[in-house]
Trainee: 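Below is one structure. I have some questions about it.
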Amino acid sequence: MRAIVSAAIAIAVGLILLLGYFLPHPLLQDLRVVLLGWGVSLAGVAALVGVINLIQTHTKKLQSEKNRDLYSFFLVIAFIITLVAGLILKPDHPEYQKIVTSIQVPVETSLMAVLAVTLAFSSLRLLQRRKGWMSIVFMISVVIFLIGSSGVFPALAEQPVFSKIFIFFQQLPMAGARGILLGIALGSLATGIRILIGAERPYSG
Amino acid sequence: MEEMINCPMCGKPNQPGEKSCAFCEARLIPLLGSNEGQEDKWVHSSVELPEEGLSFDHLHESERKDSDKKIESLQGIPSIENEILLPGFDVHGVQENLLPNWLQNGDSKDEEKMGEERKEESQTEDLSSMDWLGVLRDGESGGVEISSQIEEIIPGSSSWFEENPPEKSLVSNLEERIYGEEDPLLDWVSSLEEDNEAGKEIDKKSVSDETDSDEPLTVFSPVPTDSPEESLVDPTAWQGTSSFDSSRESFSQKESELPPWMRDSSPYENPDIPEIPEEKHDFTKDFMLPLDDEIPKNETSSSFPEMDLKFETIEPGEDIPEPIESVEQEKSLFTEEEAHLSPSEDHSVDLETMLSEMPEWMRESEDKENILQLESESIPEIIQEHIEDVSGTIKNELNLVDENQDQVQNEEITGKSFLTDEMAEWIKNLPDEEVFPEQDDKTEGSDLSENDVIIPEEISKPKFVDQELPDWLDEESVIESAEPEETESPHSMPLDEESLQPGMMPTWLAAMRPVDAVIPESSTLEENAEAEISGPLAGLFSIIPGEGLVTQYKKPPVYSIRLQVSENQRREAALLEKIVADERKIPDIDSKKARSKHGFLRMLVGLVLIAALLLPLIGTPVGSMVTDLKLSSIGQDFYEVLESIPQDGKVLLAFEFDPGFYGEMSLTASGVMERLLQKEEQFVLISTVPTGPVMGKNLLLKGMEQVAPESPEVQVKYASENIVVNLGYLAGGATSLKEFAISPRKAARLGMGVNVANQTVWNHPVIQNVNKISDFSAVIVFTDKIETGKAWVEQVKPEMGSTPLLFVSSAQAAPMFLPYLQSQQIQGMMSGLGDGVAYAQLMDLPGERAGYWSAFRNGLMVILSLILIGAISQGISGLFRTRNKNEA
């Protein structure tokens, strides 16, 4: 019974929103706005539930005697400090924003730097670990795009022959990306249809 | 000296030449006229038995051969033997005995052979009578001893036959009618031996009844017929069936020759008509009665099922009843017996009345006195017994034929059922007491079969045994009594339980038997069980010997479970065990060796990268410009769109990137932000990423610092947030973007950092006139992810109308937005550090971008160098390995 109700609600909401795209009827537009508002509210509550679940999980880890994790302690402490600071200073306070800019941005940027070093080392051993035509093709494409992105040879890019070559290489990613986007679009369309007809019920748990 | 003739009735000697007994007036000479002159010879020849016994098979065979002929001759003979053919009495045997040449029919050789065979089987079969018969057959060859014995056994038989002429009588009529049907007497005779033991009991009962009643005995002495052979012998008549069957067939064939009244009442035509239950007696049986145990007792009771006769069984040691000395005595005895058994009726036999009702032919052929004598007096008891036997047999036979057996039995008891219309008138008019004398209570109430025989009292064993029973016959009888009976008549129904054969229980019935019926009784177990000798249970049976079990306890034997494994199997098992052990074994990690090998290389790579990045930053002066970098064509479009935004326009800035990409995004977006600040645009900040609003504001502040570092007014202007509205974070991702695109006021109601008290963000002067997304001058999305960029294109762009949508993306997400850029869903895009630096160079914006750009480029070159070095080194090493392998 519960599955039927949830499926009916999902299909009805999907059809109303879909009709709202194609039919400029005020009622459909109003319904669509209302339903989107409910969805956003539910998404906010879901984010809040997710935050609470995260804190509970790490709190349990702190209380656990076997698998006690000190990182959970730092996470919980950081969450409490940020929450208290945000409630006190408000999110737009410059000092409160330094929590993000002075802590979170350097941390994440450092991770990206480590990733850059790891990828550089991996590229060194590319042919050593995996030998094959695809590895060679991948290596050649990397070399070409690195050279093109580096701007090392700007003078060559101005040459008619090399300019066409650079334009060709710049459009190659576009072709691949378009194919990926088309695949994503078709998959999204099929998923939407399956949800509308009730064949797929990701909301049923 | 001539021999004295013994009376067949009383057994007393008479003078030779006399035709009737001086004591009982019984006929001493056989009635067979043709043999009259040969009487003595016949008597002698009949009793002189050969030493070798004659088998019944031989007799049967010879009888079958000449059955028709004999029957015809028998019927053609106007003698009493032809008329008084008793049931159970083999006609062929009689003929064979009658005719002197009956032995000639049988091959003497065969007789000898059969005699030998019978000798071999003499211990298992009843050969007493057969041996006797053999002796009788061989009487002509000179055996004389037996003739005297027969004369003694049947005293006066010869004279009796002489006195009784061969005329038709009531008995002969009955005999003919009887032979028309199936004669159960054969079966009775065949079962005679089988029910021997039962017969004994019946005899005993008869004796006991006799003693209780204290009535005079009705002695039925053997009645000699016209042919002494008929009365003396033919044991095949009660031993076999083939002869009688053949005779029956012959009778049926000669039925046309019968008198009309006989044919009319023939049982063949009216089988359902009950026959006249005349009392008949198998004189052969009477003759064999002295054989003591040979005669089955149960059959004696059944042979006279409805006869009101007194039987006696004289046990050895008892007083032997005296033979009837005269006809008067016999008659008196008979009448007394009837009177005793039927007290309610008039039991006096009115023979004269009966004779008056006899048919004319009978009266013509027989004078009244003869008839009277035959019926009442002169008819020997053997004939009367035979008549009784026949009547009982007929009635039993009818019992089988009639469907309503009970009713028929009742009728038979009363005898009325036999008086049908088709019977002779004189028979119908006969009183019931005469035709069907009341039966004794014992026999009446018992279920007597047709083959059951009741031995009359006067012919019971002791009478003969005590007289002249030959030794050899006595021995045979003893042997036979001890032998089990081989054949059993299918119609026999023994009376006592001992003679009953064990029935075969059907399998289905056996399966339904209770378990208790199968399990041996406990008494047997108790008998087999041992009593407890000691302990508190001493004296009890079936006690579990616990003490013995305890004392007998011992350690259970250990059986070897070692497998018999061959050498190959053992080797394979060891290999499998080794493989499994290797799988479980965790290889030791040589941390020092791994660290020295890969760590150094990694450190080297890291140090090279750090050096390549730091050197440009350190060496490049701040504020230097990159001169050799040109904006791409896509960047050119972005620049044009951005420049097309009107001054003091309301630009919606969406910061959809994480702090990790802040370095790249800040360098890319800084030029755009500076340009917007230069154009004094109004900014509305929004993000679907939680850190997006902070990142946006931080970029804006840095842009202010770059644009007007030395203009406090500008800083105050932007700092006062009069030109900047931060709508904050939109929860819900793409959904919230759709809502924001449709109804921005509902999607971002509160905003973040509103300074106006008691006012919503939408009351801010920057956006107070904005009601929809298309009211913004431009929408610039700062993103490093494909998903967020797609969401803006797919969900917001349709609501934007002509408002341009510009993307500032990271280098990694730019290729995915190119399709949207080519489809004009995105009006312009700047991606990566190169476009940012190029846009700043184009806009002539000072900053630190030159140093970062140089560092970035150096880093790319280092990475490119590493890839090439690695590829070359791997290629060279691969070549060396191949060469080494080839050399090896």
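Just so it is clear, the model here is predicted, and its values are computed rather than measured. A note on names: the letters A, B, ... follow the listed sequences, proteins ahead of strands, and every chain is numbered from 1.
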Trainee: Determine whether A:Met139 and B:Leu868 make a side-chain contact, defined as any pair of heavy atoms from C-beta on separated by less than 4.5 Å.
Mentor: no

Trainee: Where do A:Gly44 and B:Ala731 come nearest, in terms of heavy atoms and distance?
Mentor: CA-CB, 3.8 Å

Trainee: Nearest 0.5 Å, what's the CG-CD distance between B:Leu701 and A:Gln97?
Mentor: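 Reported value, rounded in 0.5 Å steps: 7.5 Å.
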
Trainee: Rounded to the nearest 0.5 Å, what's the gap from CG on B:Leu818 to CG on A:Leu172? Could you check?
Mentor: 11.5 Å

Trainee: Among B:Ile863, B:Asp658, B:Ile610, single out the residue with the greatest number of heavy-atom pairs under 4.5 Å to chain A.
Mentor: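 So the answer, after comparing B:Ile863, B:Asp658, B:Ile610, is B:Ile863.
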
Trainee: Is B:Ile867 close to A:Leu146 at the side-chain level, that is, under 4.5 Å between some pair of heavy atoms?
Mentor: yes

Trainee: Pick one of side chain, backbone, both or neither for A:Leu42, based on which atoms fall under 4.5 Å of a heavy atom in chain B.
Mentor: neither

Trainee: Taking every heavy-atom pair that is under 4.5 Å apart, which of B:Tyr729, B:Phe817, B:Tyr662 has the most such pairs with chain A?
Mentor: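 Most heavy-atom pairs within the cutoff with chain A belong to B:Tyr662.
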
Trainee: Any idea which of B:Gly732, B:Pro819, B:Gly606 has the most non-hydrogen atom pairs under 4.5 angstrom with chain A?
Mentor: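 So the answer, after comparing B:Gly732, B:Pro819, B:Gly606, is B:Pro819.
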
Trainee: Quick one: pull up NZ in B:Lys702 and OG1 in A:Thr101 and give me the separation to the nearest 0.5 Å.
Mentor: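 The NZ atom of B:Lys702 sits 8.0 Å away from the OG1 atom of A:Thr101.
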
Trainee: Sort out for me which of B:Lys790, B:Glu664, B:Glu794 touches chain A most, counting heavy-atom pairs under 4.5 Å.
Mentor: B:Lys790

Trainee: Verify the neighbour count for atom CZ of A:Phe74: are there more than 12 heavy atoms of other residues, nucleotides or ligands below 6.0 Å?
Mentor: no

Trainee: Does A:Phe145 have more than 12 heavy atoms from other residues, nucleotides or ligands lying within 6.0 Å of its CZ?
Mentor: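 Yes, CZ of A:Phe145 has more than 12 neighbouring heavy atoms, counting only those of other groups under 6.0 Å.
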
Trainee: Might you point out which heavy atoms bring B:Pro659 and A:Val105 nearest each other, and give the distance in Å?
Mentor: CB-CG2, 3.5 Å

Trainee: Could you tell me which of A:Ala43, A:Ala116, A:Ala177 has the largest number of non-hydrogen atom pairs under 4.5 Å with chain B?
Mentor: A:Ala177

Trainee: Measure across A:Val33 and B:Glu739 and return the closest heavy-atom pair with its distance rounded to 0.1 Å.
Mentor: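 In terms of heavy atoms, the two residues are closest at O-OE2, 4.5 Å.
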
Trainee: State, to 0.1 Å, how close A:Val40 and B:Ser736 come at their nearest heavy-atom pair, and which atoms those are.
Mentor: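 In terms of heavy atoms, the two residues are closest at CG2-CA, 3.5 Å.
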
Trainee: Distance check, rounded to the nearest 0.5 Å: B:Leu864 atom CG versus A:Ile147 atom CD1?
Mentor: 5.0 Å

Trainee: Check whether A:Met112 gets within reach of chain B through its side chain, its backbone, both or neither, counting any heavy atom under 4.5 Å.
Mentor: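 Side chain only.
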
Trainee: To the closest 0.5 Å, what do you measure between CG (B:Leu866) and OG (A:Ser122)?
Mentor: 11.0 Å

Trainee: Taking atom OH of B:Tyr820 and atom CZ of A:Arg178, what is their separation to the nearest 0.5 Å?
Mentor: 10.0 Å

